[in-house]
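Have a look at the structure below before the remarks.
Chain naming here is simple, since letters A, B, ... match the order of the sequence lines and numbering starts at 1 in each.
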Amino acid sequence: MKATHIKEGIYWVGAIDLSVRNFHGYLTQRGTTYNAYLIIDEKITLVDSVKDTHTDEMMSRISSILDPAKIDVIICNHVEPDHSGAISAIVEKNPNVTIVTCASGKKGLEQHYYGNWNYHIIKTGDTYSIGKRSFEFLLTPMVHWPDNMICYMPEEKILFSNDSFGQHYATSGRFDDEVSHDEALYEAKKYFANIVLPYSAQVIKELEAASKFEIELICTSHGVIWKKYIAEIIQEYNKWARNVTKKKVVIAYDTMWKSTEKMAYAIYEAFEQEGYEIALRNLQVNHESDVMTDVIDAEYICVGSPTLNSEMMTNVVGFLTYMRGLAPKGGRKAVAFGSYGWNGKSIPGVEQFLKDCNYDVKAVFTHQYRPTKEDLQQITTKTLEIIKQNN
Amino acid sequence: MKKYVCEPCGYIYDPAEGDPDSGIAAGTAFEDIPDDWVCPICGVGKEDFVLLEE
């Protein structure tokens with residue numbers, strides 16, 4: 001396999017994982033890439049690596065340029081194994097290789113690989129020269145592990161952003177202008193919603209700090225390199241990180257005998273009348289990671305579950321737990337609903353989850369057995385009132 | 001009052017600001033925060049905080 005030329009002396013030497021569909025619970029319908037970058041300078045430098053399963057692919061791409069044993073320096077921006085998984089293989093070839101990372105990066109690497117490696121520890125604002133080029137570092141803890149950092153190469157105007165601005169998106173194109181723009185943006189949004197979202201406050205700090213850099217390329221660790229659409233992806237990140245919502249509702253539910261589904265559609269009816277963008281998602285057939293992508297810019301979150309054996313249905317519990325962990329903020333409004341047979345314990349359960357997310361729960365709709373047309377009309381009417389009151 | 005830093009993620013608890021989102025009022029000393037409070041950024045407990053040396 002060959003390396004992809006990025007700029008004079010700079011190559012992409014990562015791996016394309018076309019088959020991965022489950023990334024620790026995140027459904028990756030379009031696969032992903034693990035991006036590593038090789039820089040030919042006085043010190044031969046590798047920025048990040050790949051998942052261990054793809055070590056051979058990375059080595060093959062590096063070997064198309066030079067012998068991997070000649071690598072002098074590895075910049076480790078993030079310890080997670082999809083980026084650090086092939087560092088050991090380089091260390092085996094060259095035990096003297098210098099690993100440049102932050103203090104928590106060293107700690108994390110030691111807790112993953114137990115190696116007695118040669119480290120050079122940097123902190124925010126430090127620079128590291130590799131010859132004609134250099135790196136300036138910015139620690140970005142919790143975007144999305146404690147060890148995360150990004151680095152900027154001023155001579156080439158490249159930001160190596162690691163997970164920030166990434167997408168789980170496997171294509172043969174390496175740059176944003178070689179692939180479907182809509183797909184790349186959607187996958188960036190999905191990545192933000194499912195990975196980066198809990199750390200939005202840090203993303204805002206990162207964006208502010210990075211705004212002083214003049215950037216020609218954003219070399220991410222997943223998906224395509226941003227070149228043509230840098231301003232757009234930064235603008236989108238600013239919106240997502242600041243919880244900017246639009247006139248949109250997510251209605252997520254599970255149903256046993258269609259009563260809760262009818263209630264979902266009664267809520268739908270009200271939002272339709274008010275001209276909202278509506279994402280109605282039956283959780284039996286929609287993956288929670290896709291629904292999270294819908295949630296990120298939604299003003300209303302409505303969640304419904306029938307009562308099964310005194311509990312919520314597990315699809316709903318799974319989704320609510322996942323959403324609570326990702327913690328989208330921003331004063332969102334919520335509705336809990338569901339039907340039941342003899343005890344309606346699922347619905348307060350949904351309501352509690354929504355409150356735990358710090359959402360303003362505007363209504364709770366509960367119905368025993370099958371709602372009549374009139375019952376459903378009442379739900380629509382009440383929902384309409386809520387929308388109008390909160391406009 | 002003294003500031004404390006979260007070792008895993010670097011969040012700094014500043015008593016002057018408190019952590020209103022978690023119900024910790026401005027002016028609350030770190031020592032007076034309930035034991036079940038967690039870092040608002042990464043979720044670890046008080047035991048993972050250390051005194052910030054300034």
Side-chain angles (χ1 to χ4, degrees), chain A residues 78-80 101-112 121-126 137-150 163 195-206 209 241-243 321-332 355-360, chain B:
Chain A
H78 183 19
V79 171
E80 199 168 8
T101 190
C102 58
S104 48
K106 174 175 184 273
K107 190 176 163 196
L109 287 171
E110 286 171 344
Q111 288 172 311
H112 275 79
I121 304 300
I122 55 79
K123 45 187 196 312
T124 288
D126 285 359
F137 298 93
L138 175 63
L139 271 56
T140 55
M142 300 315 296
V143 187
H144 68 119
W145 277 21
D147 46 80
N148 270 87
M149 61 184 208
I150 60 177
D163 280 342
I195 302 278
V196 186
L197 183 58
Y199 313 112
S200 292
Q202 287 89 317
V203 171
I204 291 168
K205 280 188 201 163
E206 177 183 350
R242 290 170 205 277
N243 281 283
T321 306
Y322 191 62
M323 181 166 69
R324 186 176 63 185
L326 289 163
K329 296 185 172 64
R332 293 165 204 253
K355 285 181 172 167
D356 289 347
C357 292
N358 285 321
Y359 297 161
D360 185 0
Chain B
M1 281 188 283
K2 289 169 181 153
K3 293 179 186 173
Y4 280 74
V5 62
C6 173
E7 280 206 300
C9 79
Y11 164 80
I12 293 168
Y13 177 78
D14 180 353
E17 293 175 16
D19 178 17
D21 288 346
S22 307
I24 309 297
T28 307
F30 184 79
E31 294 75 12
D32 296 332
I33 300 174
D35 288 339
D36 60 355
W37 176 81
V38 296
C39 172
I41 303 297
C42 74
V44 301
K46 279 180 79 177
E47 64 278 9
D48 285 326
F49 279 70
V50 293
L51 184 64
L52 181 69
E53 308 288 347
E54 287 187 290

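By the side chain to side chain donor-acceptor pair (under 3.5 Å) test, A:Asn243 is found to be paired with A:Arg332, residues two or more places apart in sequence or in another chain being considered. Under the side chain to side chain donor-acceptor pair (under 3.5 Å) criterion, A:Glu80 pairs with A:His24, A:His78, A:His144, not counting sequence neighbours. Residues that satisfy the side chain to side chain donor-acceptor pair (under 3.5 Å) test with A:Gln202, not counting sequence neighbours, are absent from this structure.
Of all residues in residues 1-9 of chain B, those placing a non-hydrogen atom less than 4.5 angstrom from a non-hydrogen atom of chain A are B:Pro8, B:Cys9.
Crowding of B:Lys46 atom NZ: a count of heavy atoms from other residues, nucleotides or ligands under 6.0 Å exceeding 12.
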